[in-house]
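Let me begin by presenting the structure, written as structure tokens, before commenting on it.
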Amino acid sequence: MTAAPLGFEACIVHGRATWKHCTPLPKALFGSGAFARFRHATRECCAHAPDLHNPGYGLLRTCGGRPMSKRALPITREQNFPDWYQAVVRDGDMAETSPVRGCMIIKPWGWGVWERIQAELDTRIKDTGHDNCYFPLFIPLSFIAKEAEHVEGFAKEMAVVTHHRLMNKDGKLVVDPDAKLEEPLIVRPTSETIIGDAFQRWIKSYRDLPLLINQWANVVRWEMRTRLFLRTAEFLWQEGHTAHADRDDAMAETLKMLEVYREFSENILAMPVIAGEKPANERFPGADNTYSIEAMMQDGKALQAGTSHYLGTHFAQAQNIQFQNQQGQLTHCHTTSWGVSTRLIGGVIMTHGDDDGLRLPPKIAPRQIVIVPMLRDKPEDKELLDYCGGIEKELKAAGIRVLVDAKPTKSAEKRWNWVRRGAPVIVEVGGRDASGGNVTYMRRDALRDGDKIASHTSPRDAFVAGAAALLDEIQARLYAEAKARLDGNIISNITTFSGLEDYFGAAAGDDEGGVFKGWARVAWSKPEGEKLEAIADRLKALTIRNAPMVQDKVQGACLFTRRTRKEYVLIARAY
RNA sequence: CGGAGCGUAGCGCAGCCUGGUAGCGCACUUGCUUCGGGAGCAAGGGGUCGGAGGUUCGAAUCCUCUCGCUCCGACCA
């Protein structure tokens with residue numbers, strides 16, 4: 001470690017912590033063996049251990065004086081959170097971007113997660129008395145125009161179908177101008193209007209109420225800025241729509257489903273959330289009250305993970321949804337709507353992922369235990385596969401989703417693929433395990449012990465018997481970890497606007513450089529209208545997430561208006 | 001849609017300043033050797049350098065436009 005290595009100088013000259021100068025050099029320059037590890041060092045070491053740039057310096061063992069650890073992803077959360085997120089989505093086999101801008105291809109592993117989410121949530125929706133049905137993708141343009149705020153809210157992001165035929169013109173396929181639709185159709189951004197139209201026909205009497213409907217569907221909102229799972233032009237969701245005789249009943253429904261979302265998020269996704277009411281400026285277009293569950297991502301930003309709306313009688317009046325009450329009077333219904341989407345998957349990734357990839361809570365993992373037999377392309381392989389098959393059969397019988405990955409890929413490669421995908425438990429079985437009646441396994445929630453991979457050996461029968469409990473423990477541990485992060489990063493002692501600016505950085509619009517900032521809990525007087533708009537403008541990139549349902553005793557004056565405080569709200573940057 | 005950065009093989013990148021017809025590592029294929037673990041050696045396959053124009057004898061490289069991605073802003077149940 002003597003002369004200043006060239007690579008180091010170049011980095012400094014360019015003034016950026018780039019890894020451009022770290023491209024591995026031809027093998028001839030290195031001793032064998034050492035070189036293979038270089039790629040793992042590349043990104044991490046570029047900034048910290050410039051010596052590594054230069055062939056001839058002891059490349060591999062150190063990173064800024066610390067022992068190098070190999071990671072399964074090419075980038076860490078600390079280096080660049082958005083890039084890390086994309087790497088997890090890609091290397092975890094969750095999804096890809098599609099040829100159509102803003103849309104995504106959900107791959108089998110990602111789809112498996114969505115199927116688990118659907119199964120768990122669908123049960124809860126049915127258990128609370130709702131029936132599934134399906135309404136069309138296309139909505140007449142005139143429908144969306146019925147509710148004034150609703151139109152305004154969605155008009156800017158609507159996909160519109162205007163023609164129904166193509167024609168061949170000079171060898172090119174073009175839209176046939178003669179095939180113009182009399183009334184354009186919009187691709188649903190949400191289904192209040194088309195479902196309301198049906199409700200209007202279905203509801204005659206108080207005996208028809210409450211009407212409790214849900215549908216699983218895709219919707220389209222033409223977004224300017226998209227991110228896989230978090231915000232895509234087309235996404236999948238469930239939308240519940242209900243009609244009630246009075247406000248109390250509708251409000252109870254709204255809050256009931258909010259609570260279903262909270263419980264689902266925490267117990268199934270292991271993603272702790274704070275349920276609360278959105279401020280007026282964040283309400284759903286056409287709603288009287290909007291409630292949300294908000295989750296804290298590992299970069300400190302908030303993610304709105306689900307919403308539930310009390311729509312009052314706005315849609316009922318716009319669409320003539322009326323019933324005859326017991327006194328024989330014609331009365332407007334009170335309606336609600338509520339939904340969660342594929343965005344939840346993005347939330348799971350940013351809640352549980354680590355620098356080795358995804359970590360899936362067992363309850364939504366498509367495969368909870370993956371068995372990797374260490375095949376050697378020899379006759380003994382068959383015995384090994386039989387041994388694995390026996391374990392598989394018993395785990396299946398215990399209701400565990402298990403896979404034997406018998407692909408003829410190198411077993412080390414298979415292991416790391418499952419690490420990146422986030423399989424909760426990865427079992428590796430070699431000949432010695434088989435003959436000794438053992439298994440060796442790794443827990444994805446506790447993959448490493450220092451720089452080593454933490455693998456455990458257990459008698460086969462004990463492992464099988466304890467597998468369900470092990471999965472429960474992993475689920476609980478992932479939740480506890482996320483819960484500690486949420487609880488530990490809500491700051492409550494800010495009482496002035498300048499204090500808020502100081503905490504989040506004076507110009508909230510500036511690039512924060514990935515510095516973790518949690519949320520701020522502040523007292524406010526719950527202003528509405530222009531006053532609220534003014535506050536929202538002043539907050540710039542910060543947003544008022546919600547006023548938690550569970551409120552501590554409120555102290556102090558409103559941070560914005562200095563008036564009497566009414567409640568606490570949470571303030572954060574958000575996705 | 002405004003500001004900034006970036007598009008070279010599946011992934012990560014070099015080459016561009018100073019034009020000469022494309023490289024490295026990983027991954028992939030084949031063979032041999034290994035084998036309690038992200039193996040070694042050797043031989044291979046894969047790229048119209050995001051796209052379209054222009055300058056030039058010649059463009060990944062220079063110029064113009066365009067599309068896409070990321071971040072910030074605006075916007076956003």
Side-chain angles (χ1 to χ4, degrees), chain A residues 10 16 18-30 32-33 35-43 46 70-75 80-83 85-87 90-91 96-97 99 101-102 149-150 153-154 156-157 189-190 192 219 221-228 230-231 237 239 278 281-287 289-292 304 306-309 311 337-341 343 356 372 374-378 409-417 419-420 428-434 436 438 440 442 453 455 457 507-514 537 540-541 543 573-575:
Chain A
R16 46 186 180 168
T18 176
W19 36 85
K20 279 203 163 183
H21 306 282
C22 298
T23 296
L25 296 165
K27 284 185 180 182
L29 294 173
F30 297 88
S32 62
F35 188 71
R37 272 166 285 202
F38 186 56
R39 82 182 162 106
H40 300 293
T42 302
R43 275 178 182 269
C46 196
K70 296 182 283 183
R71 295 288 172 182
L73 290 184
I75 185 165
N80 186 327
F81 197 81
D83 283 356
Y85 176 80
Q86 292 200 110
R90 187 190 60 233
D91 291 353
E96 299 176 343
T97 53
R101 185 178 190 279
E149 283 185 35
H150 196 62
F154 286 107
K156 284 162 291 187
E157 49 186 46
T190 179
E192 273 74 7
V219 289
R221 297 177 188 178
W222 215 256
E223 300 285 352
M224 298 310 291
R225 195 172 153 190
T226 61
R227 267 182 274 225
L228 290 175
L230 296 174
R231 173 169 280 114
W237 75 348
E239 49 180 323
K278 286 278 185 189
N281 62 325
E282 302 266 352
R283 277 183 201 139
F284 174 72
N289 304 84
T290 286
Y291 299 84
S292 72
Q304 178 173 298
T307 50
S308 185
H309 317 287
L311 303 173
S337 67
W338 29 272
V340 300
S341 71
R343 171 180 256 204
D356 289 306
V372 179
M374 303 184 55
L375 303 173
R376 291 180 171 180
D377 201 19
K378 296 211 168 134
T409 312
K410 280 182 285 189
S411 47
E413 194 57 39
K414 284 191 284 192
R415 174 221 279 191
W416 287 104
N417 283 337
V419 166
R420 281 184 279 265
E428 293 184 321
V429 180
R432 203 181 299 163
D433 289 316
N438 291 325
T440 301
M442 276 153 278
I453 298 297
S455 65
T457 301
D510 286 358
D511 183 8
E512 285 184 300
D537 285 348
K540 294 178 190 159
T543 53
R573 295 171 72 94
Y575 278 98

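Chain identifiers are assigned alphabetically (A, B, ...) following the order of the sequence lines, protein sequences preceding nucleic acid strands; residue numbering begins at 1 within each chain. Quick note: numbers below take in every heavy atom, side chains included, and nothing from hydrogens, waters or symmetry partners.
The distance between atom CZ of A/R415 and atom P of B/G38, rounded to the nearest whole Å, is 7 Å. Summarising the geometry, the separation between CD on A/E157 and P on B/C1 is reported as 15 Å, rounded to the nearest angstrom. A/K414 has its NZ atom 17 Å from the C1' atom of B/A27, to the nearest Å. Atoms CZ (A/R225) and C1' (B/G3) sit 12 Å apart, rounded to a whole Å. Here the C1' atom of nucleotide B/A27 and the NZ atom of A/K410 are 9 Å apart, to the nearest Å. Whole-Å rounding puts the A/M224 CE to B/U70 P distance at 13 Å. As a whole-Å value, the separation of A/N281 CG from B/A74 C1' is 15 Å. Put simply, CD1 on A/I75 is 14 Å from P on B/C11, counting in whole angstrom units.
With both pairing distances under 3.5 Å, B/C75 is matched to nothing as a Watson-Crick or G-U wobble pair. With a 3.5 Å ceiling on both atom-pair distances, B/U18 lacks any Watson-Crick or G-U wobble partner. Nucleotide B/U48 forms a pair with no other nucleotide shown, judged by Watson-Crick or G-U wobble geometry with both contacts under 3.5 Å. Checking B/A39 for Watson-Crick or G-U wobble geometry (two distances, each under 3.5 Å) identifies B/U33 as its partner. Pairing partner, B/G10: B/C26, with both Watson-Crick or wobble hydrogen-bond distances short of 3.5 Å. The nucleotide B/A4 finds its pairing partner in B/U70, both defining distances of the Watson-Crick or G-U wobble pair being shorter than 3.5 Å. B/G58 makes up no base pair with any nucleotide shown, lacking Watson-Crick or G-U wobble contacts both under 3.5 Å.
If you take atom P in B/G38 and the same atom in B/C26, they sit 15 Å apart, rounded to whole Å. A distance of about 23 Å separates the P atoms of B/C67 and B/U48, rounded to the whole Å. Comparing the P positions of B/C69 and B/G31 gives an interatomic distance of 42 Å, to the nearest angstrom. Comparing the same atom, P, in B/C41 and in B/G51 gives a spacing of 35 Å after rounding to whole Å. Comparing the C1' positions of B/G73 and B/C11 gives an interatomic distance of 31 Å, to the nearest angstrom. Comparing the same atom, C1', in B/G20 and in B/A27 gives a spacing of 32 Å after rounding to whole Å. Taking the C1' atoms as reference points, B/G15 lies 14 Å from B/A59, given to the whole Å. The P atoms of B/G53 and B/A60 are separated by 14 Å, rounded to the nearest whole Å.
Between the A/H150 side chain and the A/P285 main chain, a donor and an acceptor come within less than 3.5 Å of each other. At least one donor-acceptor pair closer than 3.5 Å links the side chain of A/R343 to the backbone N or O of A/L230. A/S292 contributes no side-chain N or O that, together with a main-chain N or O of A/K278, makes up a donor-acceptor pair within less than 3.5 Å.
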Scan nucleotides 66-69 of chain B against the protein and return all N/O pairs shorter than 3.5 Å with their distances rounded to 0.1 Å.
residue	atom	partner	partner atom	Å
B/C69	OP2	A/R101	NE	3.2
B/C69	OP2	A/R101	NH2	3.4

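Using a 4.0 Å heavy-atom cutoff across all strands shown, A/S411 reaches no nucleic acid atom at all. Among the atoms of the strands shown, base atoms are found under 4.0 Å from some heavy atom of A/D433. No engagement by A/S337 is indicated, since no non-hydrogen atom pair under 4.0 Å with the nucleic acid exists. Within the 4.0 angstrom heavy-atom criterion, no nucleotide atom of any strand lies near A/R343. Using a 4.0 Å heavy-atom distance criterion, A/G153 is classed as a sugar-phosphate-only contact.
Annotation: side chain of A/T190 is in contact with side chain of A/F154 (closest heavy-atom distance under 4.5 Å). You'll find the side chain of A/V219 stays beyond 4.5 Å of the side chain of A/P189, heavy atoms only.
The A/R227 side chain lies nearest to B/C71 when the options are B/C11, B/C71, B/C76. Closest to the A/A541 side chain, of the nucleotides B/G73, B/G38, B/C76, is B/G73. Ranking B/C76, B/C35, B/G38 by closeness to the A/K378 side chain, first place goes to B/C35. Here the side chain of A/R573 is nearest to one of B/U70, B/C72, B/C76, namely B/C72.
For A/R376 and B/U33, the shortest distance from a side-chain N or O to OP1 or OP2 is not below 4.0 Å.
Taking the side chain to side chain contact (heavy atoms under 4.5 Å, CB included) definition, one finds that A/N438 meets it with A/D433, A/T457, A/P459, sequence neighbours left out. Scored by the salt bridge (Lys or Arg N to Asp or Glu O under 4.0 Å) test, A/R227 finds no partners at all (sequence neighbours excluded). In terms of the salt bridge (Lys or Arg N to Asp or Glu O under 4.0 Å) criterion, residue partners of A/E413 (sequence neighbours excluded) are, by chain and number, A/R420. Judged as a salt bridge (Lys or Arg N to Asp or Glu O under 4.0 Å), and not counting sequence neighbours, A/E282 has no contacts. Scanning for side chain to side chain contact (heavy atoms under 4.5 Å, CB included) contacts around A/R101 gives an empty result, with sequence neighbours left out.
Taking the nucleotide of RNA chain B with the nearest heavy atom to each of A/T290 and A/N80, the more 5' of the two is matched to A/N80. Checking A/R90 against A/H309, the closest nucleotide of RNA chain B that is more toward the 5' end is the one next to A/R90.
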